[in-house]
Peer 1: 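This is the structure I want to talk about, given as structure tokens.
Labels below follow one simple rule: chain letters A, B, ... track the order of the sequence lines, proteins then strands, and each chain is numbered from 1.
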Amino acid sequence: MTQDPLLSILNDAQHQAVTSDAPRLLVLAGAGSGKTRVLVHRIVWLIRDRKLTPSNILAVTFTNKAAAEMRERIGTLMRVPPGAMWVGTFHGIAHRLLRMHWKDAGLPENFQILDSDDQLRVIKRTLKYLNVDDSRWPPKQVQWFINNQKDEGRRPEHIEHFGDLHQKTLIDLYQHYQQACTRGGMVDFAELLLRSHELWLKKPEILAHYQSRFKHVLVDEFQDTNTVQYAWLRVLAGQQGHMTIVGDDDQSIYGWRGAKIENIQHFGKDVGGAEIVKLEQNYRSTSTILAAANAVITRNPDRLGKELWTNGEEGEPITLYAGFNEVDEARFISDRIDSALLNGKQRKDIAILYRSNAQSRVLEEALLRAAIPYRIYGGHRFFERAEIKNALCYLRLLCHRDDDAAFERVVNVPARALGDKSVEKIRETARAMNHSMWEAALYLVNNKGLAARAHNALRQFLGLIETLAQETLDLSLGEQTEIVVERSGLMDLYKSEKGEKAQARIENLQELVTAVRQFEIEGEQAPTLANFLDHAALESGDKQSEDADNAVQLMTLHSAKGLEFPVVFLCGLEEGMFPSAQSKDEPDRLAEERRLCYVGITRAMKKLYLSYAESRRLYGQEKMNGPSRFIREIPPTLMDEVRIKSTITRPVSNTYAGNSYGGGSGTGFGSGSSTRSGTTAKLPRKKRLREDLIDAPYRLGQRVRHKKFGDGVVLDCEGSGPNAQIHINFADVGEKRLVMQYAKLEEI
DNA sequence: AAGATAGTCGTTTTT
DNA sequence: CGACTATCTT
């Protein structure tokens, strides 16, 4: 019994959670408490000991990454891939249901998924059509409104406007937007969920089928569920179905996008009693880090209540640094990273976390100057990049001519003399005919409804799509994509442009072909183009070379959720930054900021650094915000405050400032003239270290020794071979340019 | 039909 | 301040 691989490795709480027979189980899983393990083991236990079949189980997550991990771990533990088990994201599962029951859901068989970019375009068009002033109703806000309503399960007819013109207009826009979607057979992300919820309500026999199939529903990150998601789950589980929900109210950080922390807070009451298991033993962090996390989060009201503990070591104290300004703060961080690397830490073991993306800039510059390779999370994902979306829109048109969003996007890309007025004409005609733009375009071409130039251009475009569709009919997906990328003219378009950007676009298009081929290989039996397009829409593609490159990780606190790093720098801890200015005066929002801080602290395994800048340049103005209240909430006994006096004098130049910092906290301003940002060399923002590494005789950041100049760090390499110029920052004499063949450098 | 330029705005992100 | 957009200009 003790050798049972399923249960023997679990602690008591985990064991209880895995083997509970309660029809409603709430697992309150603290950070680093083994929640995925519990989910995975519970699923396997249900199959083995409660004789469920894989098809009786539905496991829901938020991200594709989490779903993939769970699926894989279940497979490993069961030794067979759990084929019939549904493991996926809310959206993925909703999508699957809608594909299977499209008719009952009131959708066309070939409906397309609209990503937020497409959605915004459709909304802009709707605004134009209704002649709505886009300064009073900014498209982004309209989008937010629509998605919000959908997340709350509301259709336009459910919303009251109480005679308010603004609200009335929003509802109008929602309605017309929805009509546009219907006309083009388009379904946005929120619609996937709302539709499948409506499917449950509208078709009891379908609901009954799934209720009897899914005897057990398990949900991960339950604190992030919104209203529709929760309603959908509740209806599906019904009276009979078992529910296991796993989550942590203290890690609810997505309230601003519709997540309802109440879902987890009131779950027990809501379902008429649930067994609650708390996973409080933490396997990730030192007790010092946990004590800090507990101290912060305990200030929040209305918690379900949980306190992390560990059997592990106390570890090092937390280091707190008060930067003189944001540049100084960044320099401190890059310097400490440098030492950590010297002490044998891997770059990928180190993360810098911040509240908002704008903060990454200074950090990047400091890392670049210190020649430390880094990687920034965020920005556009693979399938969202403009060139990829253009290619995808051509593919979309191939399988669905009526996809207006796709039509509009590429009808004049590459430019083929179809100006705004021609497109407007097509749009109007479509509107009048109550048909898609494709139909309208056909009509216009057949009836000579356009000026000669536009007429020819449009005819050519329509012909191109038809030809491509026919000629690639029997080809593999990969070949099809390759041909579309070529013949659409997209490849030539980017080839004619110059610069790194265009080069990257060409490479991305090539990578798209690779991605399609990969999809073909991995997918079950001969996937169709439509399958791939769904995949592209639903998985915007992590395609960011994963942890292949060993680099310091920079990301927002939100993106860091779920991850862990041996060394964490949590920076920008100032009032107004973190907690953000917009949140600090509203209790609920402040509480969410505090949870975000809790999330940040609990990412650290061994060593945590906290830092802030006494003065920060923000929007072109110097601000003195003062240290974040979150710092004060951590017991001082857990922290060491670094106060390095500016003692080292160095030659005045624009070189890296080495080990001298501006004054510590309490020191007046202006005392550290050496750290003024004006002396900072301007570094090209887009230049990433990884690209510079190619063919360089030395790795950037490589430590080298020179007979005369002593030890230094390689900053840059120009050229290769014996005449290559090596740019080195020497500890003693500052920056030097040396020629490879004479330098006689020794690697250290 | 692309390029300059004025104007705006300024958390957090997944699907 | 600087990134992004919308509008104007050539």
Peer 1: Are the ring of A/Phe189 and the base ring of B/dT14 both nearer than 5.5 Å at their centres and tilted by less than 30°?
Peer 2: no
Peer 1: Hydrogens and angles aside, do A/Arg409 and A/Asn390 bring a side-chain donor and acceptor to less than 3.5 Å of each other?
Peer 2: yes
Peer 1: Is the cationic atom of A/Arg99 (NZ for Lys, CZ for Arg) positioned less than 6.0 Å from the six-membered ring centroid of A/Phe111 and within 45 degrees of its normal?
Peer 2: yes
Peer 1: Rounding to an integer number of Å, can you tell me how far A/Gln119 CD sits from B/dT15 C1'?
Peer 2: 11 Å
Peer 1: Mind checking the P distance from B/dT13 to C/dC4? Whole angstroms is fine.
Peer 2: 15 Å
Peer 1: In whole angstroms, how far is the P atom of C/dC4 from the NZ atom of A/Lys140?
Peer 2: 11 Å
Peer 1: Looking at DNA chain B, which of residues 414-423 of chain A put a heavy atom within less than 4.0 Å of it?
Peer 2: A/Ala415, A/Ala417
Peer 1: Under the rule for side chain to side chain donor-acceptor pair (under 3.5 Å), what residues qualify as partners of A/Arg505, not counting sequence neighbours?
Peer 2: A/Glu387
Peer 1: With the side chain of A/Lys124 defined as its heavy atoms from C-beta on, choose the nearest nucleotide among C/dC1, C/dA6, B/dT14.
Peer 2: C/dA6
Peer 1: Among the candidates B/dT15, C/dG2, B/dT12, find the nucleotide nearest to the side-chain atoms of A/Arg361.
Peer 2: C/dG2
Peer 1: For the base of B/dT14, is there a side-chain donor-acceptor partner from A/Ser116 under 3.5 Å away?
Peer 2: no
Peer 1: Would you mind classifying the nucleic acid contact of A/Tyr619 as base, sugar-phosphate or nothing, using non-hydrogen atoms under 4.0 angstrom?
Peer 2: base
Peer 1: Counting only heavy atoms not in A/Asp133 (residues, nucleotides, ligands), do more than 12 fall under 6.0 Å from its CG?
Peer 2: yes
Peer 1: Under 6.0 Å from the ring centre and within 45 degrees of the ring axis: does the NZ or CZ of A/Arg595 meet both conditions for the six-membered ring of A/Tyr598?
Peer 2: no
Peer 1: To the nearest Å, how far apart are A/Leu493 CG and B/dA2 C1'?
Peer 2: 13 Å
Peer 1: Tell me: CG of A/Leu193 to P of B/dT14, nearest whole Å?
Peer 2: 16 Å
Peer 1: In whole Å, what is the span from the OH atom of A/Tyr354 to the P atom of B/dT12?
Peer 2: 10 Å
Peer 1: Would you mind reading off the distance between A/Gln582 atom CD and B/dC9 atom C1', rounded to a whole angstrom?
Peer 2: 12 Å
Peer 1: Which sits closer to the 5' end of DNA chain B, A/Leu192 or A/Ser583, going by the nucleotide each is nearest to?
Peer 2: A/Ser583
Peer 1: CD of A/Glu592 versus P of B/dT13: gap in Å, rounded?
Peer 2: 13 Å
Peer 1: For the residue pair A/Asn263 / A/Thr225, report whether a side-chain donor-acceptor contact shorter than 3.5 Å exists.
Peer 2: yes
Peer 1: Under the criterion side-chain hydrogen bond (donor to acceptor under 3.5 Å, both in side chains), which of A/Gln265, A/Gln229, A/Glu152 is the partner of A/Lys260?
Peer 2: A/Glu152
Peer 1: Please evaluate residues A/Tyr230 and A/Phe222 with respect to the criterion ring pair (Phe, Tyr, Trp, His ring centres under 6.0 Å), reporting the C-alpha separation (whole Å), side-chain torsions for both, the decisive distance (0.1 Å), and the verdict.
Peer 2: CA-CA 9 Å; A/Tyr230 183 41; A/Phe222 186 74; 5.5 Å; yes
Peer 1: Report the residue from A/Leu573, A/Leu570, A/Leu554 that forms a side chain to side chain contact (heavy atoms under 4.5 Å, CB included) with A/Tyr354.
Peer 2: A/Leu554
Peer 1: Need to verify one output field. Residue with the more 5' nearest nucleotide on DNA chain B, A/Phe62 or A/Ile253?
Peer 2: A/Ile253
Peer 1: Return no unless some side-chain N or O of A/Ser559 is found under 4.0 Å from OP1 or OP2 of B/dT12.
Peer 2: no
Peer 1: Under 4.0 angstrom, heavy atoms only, what part of the nucleic acid is A/Gln359 near: base, sugar-phosphate, or nothing?
Peer 2: nothing
Peer 1: In whole Å, I'd like the distance from the CG atom of A/Asn357 to the C1' atom of C/dG2.
Peer 2: 15 Å
Peer 1: Give the nucleotide from the list B/dT12, B/dT15, B/dT14 with an atom nearest to the side chain of A/Ser540.
Peer 2: B/dT15
Peer 1: Base, sugar-phosphate alone, or nothing: which one does A/Glu384 contact when heavy atoms must sit under 4.0 Å apart?
Peer 2: base
Peer 1: For the side chain of A/Arg381, starting at C-beta, report the closest nucleotide among B/dT13, C/dA3, B/dT14.
Peer 2: B/dT14
Peer 1: Classify the nucleic acid contact of A/Ser580 as base, sugar-phosphate or nothing, counting any heavy atom under 4.0 Å across all strands shown.
Peer 2: base
Peer 1: A/Phe578 near the nucleic acid: base, sugar-phosphate alone, or nothing, with a heavy-atom cut-off under 4.0 Å?
Peer 2: nothing
Peer 1: Could you give the distance separating C/dT5 and B/dT12 at their C1' atoms, to the nearest angstrom?
Peer 2: 22 Å
Peer 1: Closest approach to the side chain of A/Arg453, judged atom by atom: which nucleotide of B/dA1, B/dT15, B/dT12 is it?
Peer 2: B/dA1
